[in-house]
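All remarks here apply to the structure that follows.
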Amino acid sequence: MSMETENVVARLKSSGLFRTKGLIGGKWIDAYDGKTIEVYNPANGEVIASVACMDWSKLTAAERSTRLRRWYNLLIEHKEELGQLITLEQGKPLTDSIFEVVCGASYIEFFAEEAKRVYGDILPSPMPDRRMFVLKQPVGVVGAITPWNFPLAMVTRKVAPALACGCTAVLKPSELTPLIALAAAELALQSGIPPGVLNVVMGDAPKIGNSILESPQVRKITFTGSTAVGKKLMAGAADTVKKVSLELGGNAPFIIFDDADLEAALKASLATKFFNTGQACICTNRLLVQEGIYEKFINAFSNVVQSLKVGNGFSEGVDQGPLINEAAVQKVESLVQDAISKGAKVVVGGKRHNLGFTFYEPTIISDVKNEMLIARHEIFGPVTPVIRFKTEEEAIQIANDTEYGLAAYFFTNNIQRSWRVCEALEYGMVGVNVGLFGSEGAPFGGFKQSGLGRECSKYGLDEYLEVRTKHTMFFYFRKKNHTYKLFHLHH
Ligand code: NAP
């Protein structure tokens with residue numbers, strides 16, 4: 001280094017202004033792999049400094065995979081206390097919270113594996129000296145906005161595929177349940193995912209949403225939440241033409257035909273309605289029961305619903321916890337009142353629970369019509385509206401008469417009907433003789449106003465990838481006088 005450069009650098013160092021590490025979250029940080037970039041003086045070519053070279057996407061897929069796998073291991077290692085944290089801020093029964101940790105971790109495990117399988121294509125060329133390739137590359141910075149009902153699983157379902165592809169992410173969890181997202185982010189750091197790759201911000205949701213939308217650096221927005229907010233984000237993404245994935249609201253029909261295995265249908269309808277106090281996008285929103293078994297089914301269903309144990313998620317044997325806040329209880333109350341005022345009947349429950357301001361009784365209301373508000377809005381609470389139907393055609397018509405199209409379920413023992421009805425339902429996911437479903441390996445997402453794109457599975461990975469087509473041309477060898485010479489095909 002020349003004297004002149006040494007002097008300038010020394011002066012800057014003494015005043016703390018000569019920095020060579022990256023600045024992330026107010027801390028000066030080296031590249032995770034120690035890589036650096038040299039800075040030259042253009043006047044004489046000498047190296048002035050080496051600065052940290054921080055590029056997550058330049059890590060090999062195997063290296064990203066190893067770190068993600070470590071993140072999965074840490075979540076599993078801490079599943080008990082992470083489960084307790086979920087119950088603390090979200091309210092669900094502890095066993096369900098621990099299940100959410102395992103399920104949330106499984107998304108990371110799956111995408112850690114998929115990271116190594118982001119394959120491209122080689123395409124047939126239209127010209128003999130040309131070749132065409134398809135390369136899949138990370139889309140760039142991802143903005144992820146998540147809800148409170150599955151405060152860990154919704155985070156990992158977005159962040160894991162983003163990071164697996166080589167993207168970085170800015171996550172905004174719900175202000176109602178930020179603690180589990182922060183705990184998961186801490187474990188991500190511990191697993192070797194470099195600082196700055198996963199960023200978590202909290203605060204005013206519309207403001208954060210807007211800065212994500214306005215930023216040209218953010219190339220993708222992925223959102224799980226209400227259809228109303230999803231529409232705003234979709235409109236806002238138009239200005240910078242971002243890729244958009246939306247997992248929005250649902251209005252799941254659960255149809256039980258006369259020929260169904262009633263015991264299986266009963267078990268599945270109980271789980272599909274009351275899981276997470278009814279606060280899941282794939283929870284049953286309308287129970288459609290065929291007239292031949294209507295009375296019998298309602299009687300049996302009432303018996304089991306009455307026996308559900310409501311309480312604090314930490315109490316032993318609790319089936320149903322509180323709702324997320326009092327506003328949620330008020331919404332449930334008003335939908336039930338509206339239905340009763342229009343002729344529906346309370347069979348079980350139908351009011352606030354005596355445990356306190358966020359508790360509502362497990363409820364069944366019968367004689368519901370599809371025009372009632374309770375059958376048109378997402379209830380997001382422990383209320384089962386039951387609709388009676390006569391024919392298969394009528395069931396399909398009622399089931400599809402909604403702007404949503406996320407999950408649908410039906411029970412029948414008729415194999416012909418099982419195919420026919422499955423194909424007639426306008427839903428992204430259909431359970432045939434099964435209730436509540438979900439797997440990291442199966443695409444998750446909806447038709448119509450329930451969203452755009454798919455999460456989980458190989459399809460979920462594509463949401464975070466750009467397709468680059470590479471066209472190349474090359475010279476041929478031609479043998480002349482026993483030697484090979486390069487020549488251009490067109491010369
Ligand atoms: P929400 O009110 O739409 O909120 C979801 C997220 O968006 C939260 O982080 C929220 O922040 C944020 N947000 C609110 N307004 C915003 C804005 N103007 N700009 C940017 N972000 C904004 O939904 P929710 O009540 O939390 O969640 C329940 C909904 O999620 C239900 O409709 C449910 O069906 C849906 N859901 C869908 C799926 C699926 O896979 N399809 C899965 C789970 C849940 P704050 O909370 O901090 O205000």
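One-based numbering, in listed order, for ligands and for the atoms of each. FYI, the numbering just counts along the sequence from 1.
Between T87 and S97, the side chains place a donor N or O and an acceptor N or O closer than 3.5 Å (distance only, hydrogens not considered).
The contact shell of ligand 1, taken as protein residues with any non-hydrogen atom closer than 4.0 angstrom, comprises I145, T146, P147, W148, N149, M154, R157, K172, P173, S174, E175, A205, P206, G209, F223, T224, G225, S226, V229, L233, E247, L248, G249, C281, E378, F380, L406, F444.
Checked for salt-bridge contact, E109 and R69 meet the test: a charged N lies under 4.0 Å from a carboxylate O.
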Without placing hydrogens or testing angles, list every side-chain donor-acceptor pair under 3.5 Å for residues 185-204, not counting sequence neighbours.
{"from": "E186", "atom 1": "OE2", "to": "Q190", "atom 2": "NE2", "distance (Å)": "2.7"}
{"from": "S191", "atom 1": "OG", "to": "L187", "atom 2": "O", "distance (Å)": "3.4"}
{"from": "S191", "atom 1": "OG", "to": "A188", "atom 2": "O", "distance (Å)": "2.6"}
{"from": "N199", "atom 1": "ND2", "to": "A169", "atom 2": "O", "distance (Å)": "3.1"}
{"from": "N199", "atom 1": "ND2", "to": "G196", "atom 2": "O", "distance (Å)": "3.0"}
{"from": "D204", "atom 1": "OD1", "to": "K207", "atom 2": "N", "distance (Å)": "3.0"}

Show every donor-acceptor pair shorter than 3.5 Å between a side-chain atom in residues 227-236 and any protein atom, with sequence neighbours excluded, or say none if there are none.
{"from": "T227", "atom 1": "OG1", "to": "G249", "atom 2": "N", "distance (Å)": "3.2"}
{"from": "T227", "atom 1": "OG1", "to": "Q449", "atom 2": "O", "distance (Å)": "3.3"}
{"from": "K231", "atom 1": "NZ", "to": "Q449", "atom 2": "OE1", "distance (Å)": "2.8"}

For residues 73-85, please give each side-chain donor-acceptor pair under 3.5 Å, one per line with the distance, not counting sequence neighbours.
{"from": "H78", "atom 1": "ND1", "to": "E81", "atom 2": "OE2", "distance (Å)": "2.7"}

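Judged by the 6.0 Å and 45° rule, R454 forms no cation-pi pair with Y459.
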